[in-house]
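Only one structure is covered here, and it is reproduced in the block below.
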Amino acid sequence: MTVLPDPGASRAVLVGTSRYQHLEQLPAVSNNLQALAAHLTGPLSLRLPPRHVTVLENPAAAHTVVSEVRRAAAEATDTLIVYFAGHGLIDPQDTLSLALPHTESGRVETGLPYDWLRQVLLTDSRAERHVVILDCCYSGLALGRMNAASPGLADQASVEGSFLLAAAAETRTALAPVGDTYTAFTGALLDTLSRGIPGGPTLLDLGTIYRHLRRTLGPRGHPVPQARGRNNGAEVALGPNHAVLPDHAVLPDHTAAPDRPARPGRTVRAGGKGAGRRHTLIGTACATALALLAAGGYFIWDQQASQDSKPPAYGIEDSSILRRVKNYKGNKITIGVKKDQPGLSELVDPDRKVFKGFEIDLIEYLLGEIGFQGDIVFEPLFSGERETALKSNDVDLVIASYSATPKREKEVNFSVPYYKTGQSLLMRKSHTREGEVQTWDEKAVSRDVALVDMKINRIEDLPDGTDSCTVDSTSSEFMEENPKYKEKFDVQEKEASYKDCIAGLLDEGAVGSYEVISTDDVILAGLAYKYGENKLVRPIRPFKTEEYAVGMKKGDPALEYLLCRAIKKSITGKSWEKYYNTHLKKIMLGKPANPPDEPSCEKRPSSPAAG
């Protein structure tokens with residue numbers, strides 16, 4: 001049943017920033033505030049008394065806004081409306097910050113965290129319903145991130161009886177066309193409330209308004225709204241439908257019955273602060289759409305209709321990782337790489353931190369292809385540091401012989417594969433001299449003969465307990481967890497890098513510290529090429545497939561999609577082959593380029609929501 005708020009028991013706080021000291025000016029915001037205040041107090045809308053509508057234009061401080069919202073929350077017993085228009089920024093924790101006149105990009109302490117307002121509504125309000133309208137960039141973040149790592153955030157954003165509306169996806173910028181009277185979303189909202197919807201219901205409930213705005217804004221090329229509602233939140237009305245009402249129509253007079261009984265459909269609970277409250281949240285946002293899942297009684301409207309199979313038109317501005325790089329890192333992107341893998345990625349000038357290799361050239365190409373124009377900094381990482389570095393934002397991307405495995409995908413996301421290889425072995429090339437066997441150690445003769453004569457064509461040919469060196473990687477996990485190979489390899493120690501393994505394998509003494517190194521064939525080829533000096537050999541074909549991909553923090557489907565397109569172009573456009581021939585062909589003993597399968601980017605890669 002559609003519910004119309006009681007004007008005598010409702011309050012509205014309208015906040016907007018039109019003038020900025022450090023950000024672009026938004027003169028249309030001033031018009032937004034005046035028009036919305038006039039509508040809320042008008043005779044054919046909600047008819048709020050003027051004293052119940054507070055307008056804060058260009059507030060000097062965050063506490064001023066919070067104080068006014070807290071005061072209104074204490075006075076309202078029916079509906080509380082909170083509106084903000086202006087610039088929206090993303091803080092380093094990937095949450096929404098509302099920009100005030102003195103706000104500076106990159107300085108989170110100068111803005112108003114949206115969470116401050118949300119906490120007031122959740123803990124200090126007496127109102128039965130809350131309507132929160134955010135007309136700013138990235139305001140979809142106010143809807144909350146739905147992730148198992150932080151389940152409380154979405155719950156706090158949408159309590160019982162809620163409706164959340166976002167003007168765009170959470171990585172999109174809001175639209176304020178130059179010369180227009182209003183910002184794009186608020187202009188469409190005001191037009192809907194004042195003109196109505198032909199053929200619509202008598203009262204314009206939030207669900208109806210949302211669907212109409214979606215049909216209206218999409219064909220204009222504006223950000224398309226998305227929404228989430230629970231229980232009866234979508235049935236809250238913001239006014240009558242003037243397209244179907246006669247000119248003389250008036251709204252019900254709630255003020256005539258201050259002690260009215262509970263309306264049909266109202267949920268009444270006894271006891272506790274805020275008992276029986278129904279909250280309606282509207283986030284008019286620019287943002288990449290959350291892949292919201294219907295659960296726990298929620299009604300979900302996604303940015304894309306379910307039948308629309310076309311991929312979203314992602315651009316570089318839609319990537320939360322690249323926005324963070326631009327807004328908080330001076331447009332300087334940090335790439336985690338390896339420093340000791342000849343051919344793939346190698347530190348060649350430690351003083352200037354200069355790297356070279358196939359992965360170095362490829363990531364520079366990929367970033368250029370997706371439109372990144374900032375500085376690129378390479379940061380060396382050990383294998384065991386990659387997930388931690390990504391999650392802590394120490395690096396923004398990782399391209400470091402990084403295999404996408406189910407275990408790792410629980411912590412970080414990956415692009416489509418850019419290189420195929422497989423696990424193999426690297427051994428000393430021993431030889432006989434005057435009929436005598438030069439052994440590696442003092443173990444059984446049968447073992448020495450097997451190693452020296454190189455009669456090892458598969459893992460099964462290795463003697464049990466072969467002293468093996470590896471690092472903390474998928475190779476070591478495979479050797480330790482696979483029963484078939486566990487008895488073959490005696491992994492004495494996981495070194496920090498494969499250069500340490502080489503030092504043990506090429507021990508200058510009569511006996512080497514290790515008998516084999518086991519990891520990906522392309523890594524072994526580089527080690528043999530640089531350090532082997534004809535002393536090392538890869539005796540067997542790879543026995544386990546590995547696919548390298550670019551690693552990134554969770555929750556950036558836009559960047560996954562852009563990288564997919566760029567990787568695909570590198571393969572079809574021959575850049576991949578060029579980089580292979582430059583850096584890897586010689587160490588692979590002339591083996592021709594064999595790029596991975598051309599990826600399909602028609603559907604964006606799967607990407608769990610970020611926490």
Side-chain angles (χ1 to χ4, degrees), residues 11-43 45-69 71-72 80-89 96-105 110-114 116-117 131-139 142 165-168 172-195 209 213 216-217 220 222-223 225 238-239 282-286:
R11 300 291 188 273
V13 180
L14 312 181
V15 185
T17 307
S18 58
R19 299 194 304 271
Y20 288 93
Q21 298 175 17
H22 308 286
L23 304 175
E24 184 178 356
Q25 307 305 309
L26 295 175
V29 168
S30 181
N31 298 327
N32 288 1
L33 296 174
Q34 297 176 33
L36 188 57
H39 180 83
L40 293 177
T41 58
S45 64
L46 293 184
R47 298 196 305 163
L48 297 182
R51 66 181 182 277
H52 290 180
V53 179
T54 300
V55 177
L56 297 175
E57 184 173 359
N58 300 316
H63 67 80
T64 302
V65 179
V66 174
S67 296
E68 285 298 328
V69 173
R71 179 191 58 77
L80 173 62
I81 299 173
V82 177
Y83 170 88
F84 174 83
H87 286 301
L89 302 175
L96 178 65
S97 180
L98 309 178
L100 302 180
H102 60 281
T103 297
E104 298 181 47
S105 180
T110 62
L112 169 59
Y114 171 73
W116 290 9
L117 297 181
V131 177
V132 178
I133 304 175
L134 303 174
D135 189 356
C136 63
C137 291
Y138 318 128
S139 54
L165 171 65
R172 296 272 182 167
T173 54
L175 194 59
V178 176
D180 283 11
T181 304
Y182 308 112
T183 59
F185 185 88
T186 297
L189 176 63
L190 289 167
D191 185 73
T192 301
L193 295 176
S194 61
R195 295 175 180 271
I209 292 172
L213 291 176
T216 301
L217 292 168
R220 299 176 184 173
H222 294 177
L238 295 185
I282 301 181
T284 72
C286 59

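- In this structure the side chain of Ile81 never reaches within 4.5 angstrom of the side chain of Val13, judged on heavy atoms.
- Taking 4.5 Å as the limit, some side-chain heavy atom of Glu57 sits within range of a side-chain heavy atom of Ser18.
- Counting heavy atoms from C-beta outward, Thr216 and Thr192 have side chains that stay 4.5 Å or more apart.
- Here the side chain of Ser45 pairs a donor or acceptor atom with the backbone of Gly42 at under 3.5 angstrom.
- Shortest non-hydrogen contact noted between Cys136 and Gly88 is CB-N, 3.8 Å.
- Here His39 contributes atom NE2 and Ser194 contributes atom OG; the two are 7.0 Å apart, rounded to the nearest 0.5 Å.
- Side chains of Tyr20 and Leu26 form a contact here, defined as non-hydrogen atoms less than 4.5 Å apart.
- The two residues Gln25 and Arg19 have their closest heavy-atom pair at OE1-CA, 3.0 Å.
- Thr41 places no side-chain N or O within donor-acceptor distance of the main-chain N or O of Arg47, the cut-off being under 3.5 Å.
- Looking at every heavy atom in both residues, Phe84 comes nearest to Gly86 through CE2-N, 3.7 Å.
- Taking 4.5 Å as the limit, some side-chain heavy atom of Phe185 sits within range of a side-chain heavy atom of Leu213.
- Using a 4.5 Å cut-off on side-chain heavy atoms (C-beta onward), Leu36 and Thr186 make no contact.
- The closest donor-acceptor contact from the side chain of Asn31 to the backbone of Tyr182 lies at 3.5 Å or more, if one exists at all.
- Of all non-hydrogen atoms in Ala37 and Val53, the two that sit nearest each other are CB-CG1, 4.2 Å.
- Other residues, nucleotides and ligands contribute over 12 non-hydrogen atoms within 6.0 Å of the CD atom of Gln21.
- With rounding to the nearest 0.5 Å, the separation of CG in Leu190 from CG in Asn32 is 7.0 Å.
- The two atoms that bring Thr110 and Glu104 nearest to each other are OG1-N, 3.0 Å, heavy atoms only.
- Residues Ala62 and Leu100 approach most closely at N-CD1, 3.5 Å, considering heavy atoms.
- A side-chain contact (heavy atoms from CB on, under 4.5 Å) with Thr17 is found for exactly one of Leu112, Leu98, Asn58, namely Asn58.
- Counting heavy atoms from C-beta on, the side chains of Leu40 and Leu14 come closer than 4.5 Å.
- Looking at Leu33 and Val15, their side chains never come closer than 4.5 Å, going by heavy atoms from C-beta outward.
- Side-chain contact, Thr54 with Arg11: no donor N or O sits under 3.5 Å from an acceptor N or O.
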